[in-house]
Amino acid sequence: MTVRTRFAPSPTGYLHVGGARTALFNYLYARKHGGQFVLRIEDTDLERSTPESVNAILEGMTWLALDYDEGPFYQTHRFDRYNAVIDEMMAKGLAYRCNCSRERLDKLREDAMAAKEKPRYDGHCRHQHVSADEPHVIRFKTPMEGSVVIDDLVRGRVVIPNSELDDLIIRRTDGSPTYNLTVVVDDHDMAITHVIRGDDHLNNTPRQIHMYQAMGWELPAFGHVPMILGDDGSRLSKRHGAVSVMQYRDDGYLPEALLNYLVRLGWSHGDQEVFSIDEMVALFDIADVNKSASSFSTEKLQWLNQHYIKASEPTHLARLLSPQFAKFDIDPSDGADLIQVAIAQQERAKTLEEMAEISAFIYHDFDDFEEAAAKKHLRPVAAEPLRAVRDRLASLDDWSPEPLHAVVQTLANEMQLNMGKIAQPLRVAVVGRAASPGIDVTLYLVGKPAALRRIDKALAFIEARAQN
RNA sequence: GCUCCCUUCGUCUAGCGGUUAGGACGCUGGCCUCUCACGUCGGUAACAGGGGUUCGAAUCCCCUAGGGAGCGCCA
């Protein structure tokens with residue numbers, strides 16, 4: 001039997017990191033076992049499902065390169081099939097019509113709560129004859145005796161007494177099927193062998209198992225993975241920062257970094273932290289997934305992102321870096337080569353957005369020197385070396401890192417100064433702040449005209465300051 | 001309220017009856033150094049609490065506490 005897994009999001013929003021991890025686990029499990037990974041859109045909630053959300057989810061899957069072998073299948077295209085199953089259940093006496101009013105149901109719930117019991121439908125209509133002509137729902141007859149055993153792939157054995165369950169609605173008054181019915185039909189029809197999903201579904205599983213059994217269908221294996229919490233331990237939400245997968249792309253994260261981060265949330269392989277997709281496929285096992293929820297740490301994600309930035313091809317980085325400059329009103333196409341910028345900065349940025357930010361000086365003049373940096377480095381003592389280096393740079397023809405380095409180094413030697421005594425004032429003059437790549441590369445990227453222009457500005461600044 | 005699930009450094013985790021409780025992020029000290037960063041060497045910090053079982057418990061059992069989920073004509 002070949003392994004088949006699925007990811008089945010409901011299109012009521014973007015693809016968030018929790019869903020992405022569930023998708024990743026399903027993807028890895030299928031790939032590891034040479035099986036198939038299916039994408040299914042659970043859009044039976046006509047009120048809340050939107051085409052925009054479907055697109056957002058598809059886009060997220062594409063960006064993460066979680067490619068699926070089949071689908072996307074849409075549940076709204078399968079209503080005939082669901083209805084056929086419900087009709088079959090009716091014909092076999094596995095389900096019944098119910099016309100209990102909302103008021104009665106509400107009262108039932110209230111009474112149960114008041115009596116400190118779990119709210120459950122009381123099966124009132126099980127033995128009532130409800131005509132097909134009047135408005136009604138259809139309920140599935142849940143066994144009243146015994147219990148259900150789930151041998152969960154991550155939780156282990158979970159036993160739930162049937163007395164905790166009730167007769168759930170499988171077809172609404174408007175004729176549409178409900179979630180618990182549609183998942184069961186789909187997972188069966190699509191021959192899903194391993195249902196890996198969030199543990200918020202653990203409580204639904206016994207009801208679903210009953211439906212499989214009533215229909216005489218083979219059960220898939222279930223694996224319920226724990227939730228992802230925010231960094232304060234509460235349910236992950238927008239106030240924790242980005243939760244949408246696409247937001248991470250826009251913020252300058254690499255998909256391989258996000259995937260690597262996500263796979264380590266709840267899963268591990270000894271002490272290993274960095275995994276390529278191939279390694280994940282080879283090493284992942286659903287049985288090694290933890291039972292407890294974990295908190296999302298943006299800091300650790302950033303560390304991984306920087307790791308992947310450092311390991312990336314500069315040409316690749318340059319392509320991804322380019323759009324980040326728009327945030328700083330910069331068009332990098334008319335300035336230094338982005339590949340050279342990527343090479344110079346790839347060890348200095350945690351995200352591509354940060355890389356663009358710290359590279360802005362390469363493309364346009366800054367307004368003011370950063371106060372602390374200017375105070376420390378643009379002092380009167382720096383004027384002489386700055387003037388000297390300016391003269392030599394002005395007469396330099398080959399404006400590339402090696403000669404630039406030679407200029408600064410030689411001057412330092414001649415003036416018997418430490419490199420820092422010249423490089424730092426020069427850096428602040430050209431960059432506007434005290435941090436940048438090596439001074440030679442910095443000068444090279446800024447270019448000769450801008451460098452000289454900015455040094456002049458710094459000299460004027462020092463002079464103005466000396467006056468006061 | 002009821003049912004189910006969970007509980008090792010601040011965070012992610014290793015551990016699967018005998019370990020100085022290991023690694024990673026973060027924080028932090030040193031080194032490297034023209035700055036920042038990278039790299040590198042070190043430091044900080046945990047078995048939720050209480051009972052058992054056992055010669056011996058982070059590991060097995062029970063209770064308590066805390067956290068989460070579910071109890072929809074949502075998925």
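Bear in mind that the values here come from a model prediction, so they are computed numbers and not experimental data. So that the names make sense, note that chain A is the first sequence line, chain B the second, and so on, each numbered from 1.
- With sequence neighbours excluded, no residue forms a ring-ring contact (aromatic ring centres under 6.0 Å, His included) with A:H136.
- For the contact set between residues 148-160 of chain A and RNA chain B, defined by any heavy atom under 4.0 Å, the members are A:R155, A:V158.
- Using a 4.0 Å heavy-atom distance criterion, A:D174 is classed as making no nucleic acid contact.
- Contacts between residues 258-268 of chain A and RNA chain B, defined by a heavy-atom separation under 4.0 Å, are made by A:R264, A:L265, A:G266, A:S268.
- Under the rule for a side-chain contact (heavy atoms from CB on, under 4.5 Å), the partners of A:T351 that lie at least two apart in sequence or sit in another chain are A:Y253, A:N305, A:E353, A:E354.
- Among residues at least two apart or in separate chains, ring pair (Phe, Tyr, Trp, His ring centres under 6.0 Å) pairs with a member in residues 152-190 of chain A are A:Y179-A:H201, A:H188-A:W217.
- Using a 4.0 Å heavy-atom criterion, one finds that A:H224 contacts no nucleic acid atom at all.
- If you take atom C1' in B:rA65 and the same atom in B:rG50, they sit 10 Å apart, rounded to whole Å.
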Table of protein N/O atoms under 3.5 Å from nucleotides 39-45 of chain B N/O atoms:
{"residue": "B:rG39", "atom": "OP1", "partner": "A:K310", "partner atom": "NZ", "Å": "2.7"}

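- Residues satisfying the ring-ring contact (aromatic ring centres under 6.0 Å, His included) criterion with A:Y308, sequence neighbours excluded, are absent altogether.
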Just distance, no hydrogens or angles: give the donor-acceptor pairs under 3.5 Å from side chains in residues 419-438 of chain A, sequence neighbours left out.
{"residue": "A:Q424", "atom": "OE1", "partner": "A:R427", "partner atom": "NH1", "Å": "2.5"}
{"residue": "A:Q424", "atom": "NE2", "partner": "A:H377", "partner atom": "NE2", "Å": "3.4"}
{"residue": "A:R427", "atom": "NE", "partner": "A:S436", "partner atom": "OG", "Å": "2.8"}
{"residue": "A:R427", "atom": "NH2", "partner": "A:P437", "partner atom": "O", "Å": "2.9"}
{"residue": "A:S436", "atom": "OG", "partner": "A:T442", "partner atom": "OG1", "Å": "2.9"}

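- Applying the side-chain contact (heavy atoms from CB on, under 4.5 Å) rule to A:K107 yields the partners A:D111; only residues at least two apart in sequence or on another chain are considered.
- Nucleotides of RNA chain B nearest to A:D45 and A:L301 differ in position, and the one nearer the 5' end is that of A:L301.
- Looking at residues 431-445 of chain A, you'll see A:A434, A:A435, A:S436, A:P437, A:G438, A:I439 sit with a heavy atom under 4.0 Å from some atom of RNA chain B.
- For A:A282, there are no side-chain contact (heavy atoms from CB on, under 4.5 Å) partners at least two apart in sequence or on another chain.
- Every residue two or more places apart in sequence or in another chain that forms a side-chain contact (heavy atoms from CB on, under 4.5 Å) with A:S359 is listed here: A:F325, A:V341, A:Q345, A:M355, A:I362.
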